[in-house]
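Okay, structure first, notes after.
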Amino acid sequence: MFALVYGVTLMAAIISWDGIDGPCSDCHSQSLLLSIPVAGPWAANFSAPPDERVSTWFVAAWSGIEAASLAMIIVGAIGHDVPLEPLPATPTKVSLVPLLTPQGGTLSLRMRW
């Protein structure tokens, strides 16, 4: 999820590097700010001129998705210990059982846990 959302953000930063409609004075700085994960969209939006700003709810939602997916990556990378179940007191019994089918007969394994 993070790769998708942050990939779109980086693509927008690359496209806006030289200006979408033509040369601009602060395109490089906004593109660099946009490439920062989570806080970048906020910084780029507030450094833009007031008539070019995106609505705050969109920036908040976009940064929120980036933050949530980044948190999932961090929690997943840290991992957690899974306790092992204790071994049963009695050993597992395995036996061979005949299995008859219309095509022929075979043997199968039967186990009790």
Side-chain angles (χ1 to χ4, degrees):
M1 186 69 187
F2 179 75
L4 177 70
V5 174
Y6 187 60
V8 169
T9 306
L10 281 180
M11 186 62 77
I14 291 168
I15 290 172
S16 66
W17 180 260
D18 287 327
I20 297 172
D21 297 334
C24 66
S25 60
D26 61 344
C27 290
H28 293 295
S29 63
Q30 285 184 2
S31 294
L32 290 175
L33 288 173
L34 199 59
S35 64
I36 301 170
V38 183
W42 286 101
N45 194 37
F46 288 122
S47 70
D51 59 335
E52 295 179 8
R53 290 185 181 164
V54 181
S55 64
T56 305
W57 70 268
F58 180 76
V59 175
W62 197 262
S63 292
I65 292 171
E66 281 185 5
S69 59
L70 192 61
M72 285 187 258
I73 288 175
I74 292 169
V75 170
I78 292 172
H80 59 282
D81 293 333
V82 178
L84 296 174
E85 293 183 19
L87 294 174
T90 59
T92 304
K93 293 182 180 180
V94 179
S95 59
L96 291 173
V97 179
L99 177 67
L100 299 174
T101 62
Q103 291 80 18
T106 60
L107 292 176
S108 66
L109 292 175
R110 180 175 65 182
M111 301 174 106
R112 283 186 39 193
W113 298 92

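- Hydrophobic clustering (side-chain heavy atoms under 4.5 Å, transitive across Ile, Leu, Val, Met, Phe, Trp, Tyr) groups Ile74 together with Phe2.
- Hydrophobic clustering places Trp57 together with Ile65 (ILVMFWY residues linked when any side-chain heavy atoms are closer than 4.5 Å, directly or through intermediates).
- With rounding to the nearest 0.5 angstrom, the CG atom of Asn45 is 6.5 Å from the OG1 atom of Thr56.
- By the criterion of side-chain heavy atoms lying less than 4.5 angstrom apart, applied directly or through intervening Ile, Leu, Val, Met, Phe, Trp or Tyr residues, Val5 is grouped together with Val59 in one hydrophobic cluster.
- Two residues are said to be in side-chain contact when any heavy atoms from C-beta on lie closer than 4.5 Å; Tyr6 and Val38 fail this criterion.
- When all heavy atoms are compared, the tightest approach of Leu34 to Ala13 is CD2-N, 3.8 Å.
- Connection of Phe46 to Leu33 is not established within any shared hydrophobic cluster, with ILVMFWY side chains joined at heavy-atom distances below 4.5 Å, either directly or through further cluster members.
- Rounded to the nearest 0.5 Å, atoms CG (Leu10) and CD1 (Ile15) are 11.0 Å apart.
- Side chains of Glu66 and Leu70 form no contact here, defined as non-hydrogen atoms less than 4.5 Å apart.
- Side-chain contact between Trp62 and Val54 is absent, with no heavy-atom pair separated by less than 4.5 Å.
- Atom OG of residue Ser63 and atom CZ of residue Phe58 lie 9.5 Å apart, to the nearest 0.5 angstrom.
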